[in-house]
Amino acid sequence: MSHQLDKAYDPKKYESKLYQKWEDSGAFKPEGNAHLRGLVGDEMQGDAEQRNKAYTDVLRMSSTGNDEAARSEKDPFTIIMPPPNANGHIHMGTAMFVIEDLMIRYRRMQGHKTLWLPGMDHAGIETQVVYERELEKQGKSRFDLGRDEFYRQVDAFTKSNMGIMTSELKSMGFSTDWSRLTYTLDPKVVSTVYDTFKELHDAGYIYRGNRIVNWCPFCRSAFADIEVKYREQVDPLYYIKYGPFVLATVRPETKFGDTAIAVNPKDERYARLIGTTIEAEDLNGPITLQVIGDDHIDPAFGTGAMKVTPAHDPNDWEIGLRHNLRVIQTIGTDGLLTPVAGKYAGMPVAEARTQVAHDLEERGLMDHIEYDYTHSVGYHDRCGTLIEPLTVEQWWLRVDELKKPAIKAFETGEIQIVPARFKKVCMDWLENLRDWNISRQNWWGIRIPVYYNATADKSLPEYIIGTEDDAKATYGIGGYEAETDNFDTWFSSGQWPYATLMATGDFDAQSGRPGFYPTSVMETGRDILFQWVTRMVMLGIFKTGQVPFKTVYLHGLITDEHGKKMSKSKGNVLNPLEMTAKYGTDAVRLALTIGITAGNDGPLSERKIEGYRNFCNKLWNVARFILGQLPDGYSPATPELHSPADHWIASRTAIAITSVTQAIEDYRFSEAGQIVYSLLWDDFADWYIEASKVSPNHDLLVHTLETILALAHPIAPFVTEAIWSEMPWRADQQLITSAWPIVDTRRTSNEQAQRFAALQDVVMKARTVIAEEQLSKPTLITTDKSLAESADLLQRLGRLGKVEYQEQGSGLYLGAAVPAWIAADAELIATRKHRLQGQLKAKQTYAKSLEGKLNNQGFVANAPAAVVADTRDRLAEARQQATRLSEQLKALGE
RNA sequence: GGGCAAUUAGCUCAGUUGGUUAGAGCGCUUCGUUUACACCGAAGAUGUCGGGGGUUCGAGUCCCUCAUUGCCCACCA
């Protein structure tokens with residue numbers, strides 16, 4: 001016995017140690033993983049000798065030193081990590097980076113120069129909201145601190161979180177290059193964002209405008225349309241009197257900003273009033289309103305006439321633009337009514353609404369009220385505050401031209417989306433995209449680099465884009481005012497792929513090192529497809545002239561086991577750190593990979609994780625058994641295939657290598673995982689290892705184990721590396737930088753493999769009879785000489801007694817792939833009679849359906865020859881077995 | 001209102017361009033400690049693949065239609 005592993009795999013004993021070793025060895029760096037032969041990945045080409053050489057190199061894996069030449073032929077493979085928000089702990093969504101790690105580890109093993117660049121997001125408004133909640137617990141608000149102090153505290157908060165986050169990401173086994181960790185507020189990133197802003201401005205895509213925006217009175221900031229989430233609710237619908245009109249509104253408090261009454265021009269009731277002005281009695285005295293005709297008005301809604309408040313409703317704003325209406329701001333950025341509201345000035349909106357409605361009723365200006373009006377109302381996505389549409393001066397990005405090449409990139413397939421169904425969704429979204437408000441009035445973020453002219457000299461530019469020094473140079477000391485708005489977080493994170501690479505010096509190829517842009521894959525959540533992915537494409541193409549990534553892989557939401565969203569209030573949240581502590585990191589990684597497909601939500605449960613913990617332990621124990629079998633000082637040689645079982649497992653392994661590789665290439669990670677799972681458990685452990693107990697082939701056992709370790713490594717890096725590290729001949733080498741397995745079919749005999757498959761069939765059928773009849777070590781009889789030769793194997797696998805070769809079979813016919821019987825007396829055969837009849841009937845029905853197929857001229861003529869031939873073979877076999885069964889029944893007096 | 005997806009075993013889900021008698025994990029029943037593993041092994045039961053129609057030699061897979069569920073987008077005076 002050369003080596004003894006622990007009885008069960010203990011993740012804690014290995015994980016942090018192995019991670020440290022990986023990182024210290026430089027394996028996570030693109031420069032550091034270049035020590036494989038660049039032969040993998042071309043497995044289907046090249047002459048057999050070459051392939052075999054590569055194969056055995058892989059098997060014995062004498063670390064061959066650097067082979068830069070071979071490696072440089074392969075494209076770099078790059079993933080930029082979607083930067084997690086540095087405002088808390090990782091969650092199952094963050095843990096989904098396992099998909100990225102899987103791709104990175106796979107490409108690394110294939111010999112690509114892989115770069116997985118980690119990042120952290122200051123996450124503007126989101127972090128601000130998180131921190132304000134912290135302040136609230138201390139009974140404070142950000143206004144108590146003031147802008148500068150608040151910024152300092154949030155800065156310290158995110159920086160300390162970054163440390164926590166980093167160690168949590170490391171604990172997940174993510175093989176990112178930490179030396180390139182980039183933060184969204186790194187000066188180099190910010191400077192790229194500033195450059196882009198200036199370039200966009202100079203190209204005419206940036207403008208400043210006083211327009212209607214989605215205003216959050218809590219955040220005291222404007223937000224983009226996409227950051228507003230609508231909720232359905234029931235409110236009163238007030239029918240108020242305006243001179244000759246009765247108008248329906250849910251917002252009577254905005255009436256002080258009404259500048260027109262709109263009707264549909266086709267509405268005969270009002271058509272003659274269009275173009276006139278009306279005098280109306282109002283709460284603050286008489287007012288004058290013009291009557292306009294606009295197609296937007298639905299004559300069937302309410303009274304068919306609508307009050308137009310351009311300052312506080314997006315549709316009214318549009319109508320206002322069409323008719324040149326005055327814009328009267330009635331609600332301020334503080335959420336209180338402005339002085340134009342007269343005696344209502346200073347009231348919060350909700351209070352003003354009640355008061356105005358009350359006063360209107362009192363003054364006889366209320367026609368009636370509908371109390372159960374259902375409509376949807378916008379709330380701020382992040383803080384949940386009711387959105388108040390109002391007008392403010394903001395910086396806007398003109399998107400008409402910018403979006404065109406982005407749409408084209410999706411359309412032509414230059415950017416692939418996995419799953420493909422999101423291609424059209426992206427294109428449609430971009431088609432309908434309107435100018436993007438990139439100003440935010442929050443305190444935590446990247447300040448827009450604009451300085452305004454504060455001098456009396458109007459010949460100077462109104463504003464400049466640049467640094468404070470630029471401002472001094474232009475306006476003189478004290479002659480300027482800095483913009484206080486920040487960028488929308490998505491404006492800066494929309495530049496993430498190139499901003500990061502530019503910051504780390506990996507954007508362009510430089511002497512001796514490759515460029516990593518465009519990146520290979522952007523893997524992220526489906527929920528931020530619009531907010532983030534489309535913006536990265538738009539800005540990436542503008543700034544670099546190239547798409548930022550070639551493939552977008554989207555994952556869905558991780559839900560509980562019944563597909564319900566995880567939430568604290570439901571109490572169904574699974575914490576990745578708790579789960580990894582309990583079951584090992586690999587178990588969580590496997591659970592997040594297998595059974596979850598691209599673009600779809602994936603259910604997760606503790607039970608599922610437990611199942612994959614068992615898988616890890618199974619793998620461990622397979623290794624434990626094999627290592628325990630090996631003689632002292634064993635060193636593996638190229639395996640020779642001797643027995644049918646050897647050929648069988650070699651062929652199973654070859655099929656698995658091909659299909660796992662293809663599955664990963666096609667982004668079918670769940671399937672890749674399942675294939676490895678089944679190869680290990682169903683084929684290797686359940687059959688080959690059991691068979692090997694009869695006649696062990698050490699080299700093949702080791703080789704197959706190593707192949708499985710390699711195939712499983714991208715998903716389950718720890719347990720595979722742990723086992724690898726326990727193999728004495730691998731002492732100086734890590735699995736993480738070993739080569740991805742390639743197929744060697746040169747010496748595999750299909751015929752031999754088939755012989756083992758036939759034996760398996762006999763074994764399974766024999767086991768069934770033994771279990772059903774509770775037999776103990778019965779004798780197996782066969783008319784097949786080669787099966788009889790495998791007596792010891794049959795005895796072991798099938799729990800059989802003797803195995804006898806006979807010219808003529810007798811006993812209970814098994815109906816297996818090769819003729820075999822379980823020796824039985826007449827009594828036993830009689831008790832099996834009904835089962836035999838059932839078997840016969842099933843065989844006959846099956847044969848009949850195959851006959852029907854083959855008698856069908858259409859089938860024979862149209863189906864591929866292989867399918868027809870296959871059908872004939874199956875028919876012949878079914879007939880033969882049916883004959884044997886009916887003979888046996890006949891012998892029983894049937 | 002527009003769009004996308006899902007509907008397959010008790011549960012959660014696979015099923016790649018149509019081609020063996022439809023699979024997996026978990027759960028369930030029975031048996032079992034044999035050179036690793038009870039975080040194990042063996043055997044077993046459970047499916048008119050949501051309904052209906054069509055195309056095809058052949059449909060879980062393609063088309064139409066209906067139903068149910070979920071998600072996205074838009075609108076809502």
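Numbers restart at 1 for each chain; the letters A, B, ... are given by sequence-line order, proteins then strands.
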Between Y583(A) and Y612(A) (judged by ring centroids, cut-off 6.0 Å), do the two rings come close enough to count as a pair? no

Starting at atom CZ of R613(A), determine the distance to atom P of C39(B), rounded to an integer number of angstrom. 7 Å

Students often get this wrong, so: under 4.0 angstrom with heavy atoms, is K608(A) touching a base, only sugar-phosphate, or nothing? nothing

Nearest heavy-atom neighbours spanning H312(A) and T254(A): CB-CG2, 4.3 Å

Starting at atom CZ of R421(A), determine the distance to atom P of C71(B), rounded to an integer number of angstrom. 14 Å

Under 4.0 Å, heavy atoms only, any strand: does A685(A) hit a base, just the sugar-phosphate, or nothing? base

If you look at every strand shown and take non-hydrogen atoms under 4.0 Å, does R668(A) touch a base, only sugar-phosphate, or nothing? base

What nucleic acid atoms does F530(A) come within less than 4.0 Å of, heavy atoms only: base, sugar-phosphate, or nothing? sugar-phosphate

Integer-rounded Å distance: C73(B) P and W429(A) CH2: 10 Å

Which atom names give the shortest non-hydrogen contact between T309(A) and D316(A), and what distance separates them? N-OD2, 2.7 Å

Side-chain contact check for K618(A): nearest option of G19(B), C37(B), A5(B) is C37(B)

Which part of the nucleic acid, if any, lies within contact of R251(A), taking any heavy atom under 4.0 Å across all strands shown: a base, the sugar-phosphate backbone alone, or nothing? nothing

Between G19(B) (C1') and L850(A) (CG): distance, integer Å: 12 Å

side-chain contact (heavy atoms from CB on, under 4.5 Å) with I261(A): of I274(A), I278(A), V308(A), only one passes, and it is I278(A)

Give E610(A) one of three labels, base, sugar-phosphate or nothing, depending on what nucleic acid heavy atoms sit under 4.0 Å from its own. nothing

Does OP1 or OP2 of U21(B) have a side-chain N or O of R874(A) closer than 4.0 Å? yes

Please give, in whole Å, the distance from C39(B) P to D6(A) CG? 16 Å

Identify whether any heavy atom of D316(A) sits under 4.0 Å from a base atom; if not, whether one sits that close to sugar-phosphate; answer base, sugar-phosphate or nothing. nothing

Between P on C11(B) and CG on D560(A), what's the gap in Å once rounded to a whole number? 15 Å

Taking OP1 and OP2 of C75(B), is either one under 4.0 Å from a side-chain nitrogen or oxygen of H375(A)? no

Option among Y14(A), F615(A), F625(A) that satisfies the ring-ring contact (aromatic ring centres under 6.0 Å, His included) test with W620(A): Y14(A)

Could you please name the partner base of C62(B), counting Watson-Crick and G-U wobble pairs only when both distances are under 3.5 Å? G54(B)

In whole angstroms, how far is the P atom of A36(B) from the CZ atom of R624(A)? 8 Å

CG of N621(A) versus C1' of U35(B): gap in Å, rounded? 13 Å

T768(A) side chain, from C-beta outward: closest of A14(B), C75(B), A43(B): A43(B)

